[in-house]
Amino acid sequence: MVETPTLVIIVPCFQEEEALPGTHERLSGLLAGMVSRGEVSARSRIAYIDDGSTDATWHLAKGYADATEMACAVKLSSNVGLQNAIIAGLETMLDEADIFITIDADLQDDIQAIPTMVQRYKEGYEIVYGVRTNRRSDSWFKRTSAMAFYRLMHHLGTRSVYNHADFRLMDRRTVAELLRYPERNLFMRGIVPLMGFKSTTVEYERAERTAGKSKYPLSKMMGLAVDGITSFSIRPVRLVLVMGVVFVFVAIIILAYVLYSKFSGHAVTGWSSTILSLWFIGGCILIGLGVVGEYIGKIYMEVKARPRYHVDQKIIK
Ligand code: UDP
Ligand code: MG
């Protein structure tokens, strides 16, 4: 533990031209306050990671980095998604700080939790999860689907922190450990708790997005959920196997019934049941293939071991 740690706030940004000016103003105000109160060192900074935006995001981020020592800007050459953008930020800034806090560019997560997180670090915790106490600002749909997702993850045996997204503090040691995970499909919410370092939570109320639009529509959320589940658990594949075994048993029972009907003399009814089972079993086979395919796709992506991101430009003073 460092007495007056150097803090780097990592802010992944994708098409955030509308949100960024407000974000920069609030974050730099907060950081300046923390520096003047001696909570963090004067070398503390905010790092904007532009995840291949095509709007004015990079222009803005570069402007802040040029204008003040407090801001850094890293431009990725293409859009690699939130998880990889965070990894890019952590990896690029690893030697620049003692502690790292990752936060979304729209500041839906309460920045007032940041000083509290730093306080927890000083109490001896190496990882501090930001946990939202309400989801009133999210739509009903987002709330219920998120809830279902956490439940499902739990049942599938993965350890994830309830109602925690990617707003968290990690110290340099745990970040370095996280970077040892080479996988392309890195689902940090699942991996960070898995690492097992001393951790705690800080609660805050999640606010509404005030500028710009959400980059996580339903389709992307579903993708994230599937990734989260399949990169942590092979239970879905096992479920397919169990289903297969159950079907064979059902088939045996049906066979007995068919033989009985034949010998008792009333056969050749039952076209409807035949066609029904045909569709049902066909559907099950397709689902099974899909689940297995999802894993094979994962293996394919991992085996190629491609780099997770490419840094195009960086301004770190
Ligand atoms: N983001 C990113 N790359 C992407 C999509 C999103 O870096 O491909 C960033 C985005 O700029 C924001 C954060 O991820 O800082 C969360 O996105 P958003 O607020 O749109 O998601 P939501 O809060 O609606 O789940
Ligand atoms: Mg958001």
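Order of listing sets the numbers, starting from 1, for every ligand and every atom in it. All residue numbers refer to positions in the sequence shown, counting from 1.
Residue contacts with ligand 1, taken as heavy atom pairs separated by less than 4.0 Å, do not involve Q83 at all. The parts of K215 lying near ligand 1 are both backbone and side chain, judged by heavy-atom distances below 4.0 Å. Residue contacts with ligand 1 for R206 involve side-chain atoms from C-beta outward but no N, CA, C or O (heavy atoms, distance under 4.0 Å). Both the backbone and the side chain of D104 come within 4.0 Å of ligand 1, judged by heavy-atom distances. When heavy-atom distances to ligand 1 are checked against a 4.0 Å cut-off, V11 has no atom that comes that close, whether in backbone or side chain. Contact annotation: for Q15 versus ligand 1, there are no heavy atoms closer than 4.0 Å. Of the heavy atoms in S214, both backbone and side-chain atoms come closer than 4.0 Å to ligand 1.
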Let me see the working for D110 and R132 under salt bridge (Lys or Arg N to Asp or Glu O under 4.0 Å), right down to the final yes or no.
-> CA-CA 9 Å; D110 184 8; R132 58 185 91 149; over 6 Å; no

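Below 4.0 Å from some heavy atom of N79 lie the following atoms of ligand 1, by number and element: 3 (N), 4 (C), 8 (O). Close contacts between ligand 1 and E16 involve ligand atoms 10 (C), 11 (O), 12 (C), 15 (O) [criterion: under 4.0 Å to a heavy atom]. Those atoms of ligand 1 with a heavy atom of D106 less than 4.0 angstrom away are 19 (O), 23 (O). The K220 neighbourhood of ligand 1 comprises atoms 5 (C), 8 (O), with distances under 4.0 Å to a heavy atom of that residue. Less than 4.0 angstrom separates some heavy atom of C13 from each of these atoms of ligand 1: 11 (O). Each of the atoms 12 (C), 15 (O) of ligand 1 lies under 4.0 Å from some heavy atom of A105.
Side-chain contact between I103 and V11 is present, with heavy atoms from C-beta onward closer than 4.5 Å. Two residues are said to be in side-chain contact when any heavy atoms from C-beta on lie closer than 4.5 Å; M195 and E126 fail this criterion. For the pair I229/P236, a side-chain contact is recorded, criterion being any heavy-atom separation below 4.5 Å from C-beta on. Looking at heavy atoms from C-beta onward, L218 lies in side-chain contact with F141 at the 4.5 angstrom threshold.
Shortest contact from atom 14 (O) of ligand 1 to any protein heavy atom: L82 CD1, 3.2 Å. Counting protein heavy atoms only, atom 21 (O) of ligand 1 is closest to Y216 CD1, 3.3 Å. Nearest protein heavy-atom contact of atom 3 (N) of ligand 1 is D51 OD2, 2.6 Å. Looking only at protein heavy atoms, the nearest one to atom 25 (O) of ligand 1 is K142 NZ, 3.0 Å. Remark: minimum distance from atom 18 (P) of ligand 1 to any protein heavy atom is reached at R209 NH2, 3.4 Å. The protein atom (non-hydrogen) at minimum distance from atom 1 (N) of ligand 1 is F14 CB, 3.7 Å.
No hydrogens or angles considered: nothing links the side chains of R209 and Q108 as a donor-acceptor pair under 3.5 Å. Using a 3.5 Å distance cut-off with no hydrogens or angles, the side chains of Q83 and D166 do pair a donor with an acceptor.
A side chain to side chain contact (heavy atoms under 4.5 Å, CB included) with I9 is found for one member of T102, V40, I99, I114 and no other, namely I114. The side-chain hydrogen bond (donor to acceptor under 3.5 Å, both in side chains) test with Q15 singles out one residue from N79, T54, T57, D50, and that residue is T54.
For the pair F167 and M117, the tightest heavy-atom approach, listed with the atom from each and the gap, is O-CE, 3.7 Å. Heavy atoms only, all atoms of each residue included: P193 and M188 are closest at CD-O, 3.9 Å.
Between the Mg ion (ligand 2) and S214 there is no N/O/S contact shorter than 2.8 Å.
Polar contact with ligand 1: absent for A85 (N/O pair, distance under 3.5 Å).
For D106, the N/O/S atom at the shortest distance from the Mg ion (ligand 2) is named OD2.
Ligand 1 lies out of reach of M221, whose nearest heavy atom is not under 4.0 Å from it.
Counting non-hydrogen atoms of other residues, nucleotides and ligands closer than 6.0 Å to CZ of R180 gives a total of 12 or fewer.
Between K215 and E16 there is a salt bridge, since a side-chain N of the basic residue sits under 4.0 Å from a carboxylate O of the acidic one. Between D109 and R206 a salt bridge is recorded (basic side-chain N to carboxylate O distance below 4.0 Å).
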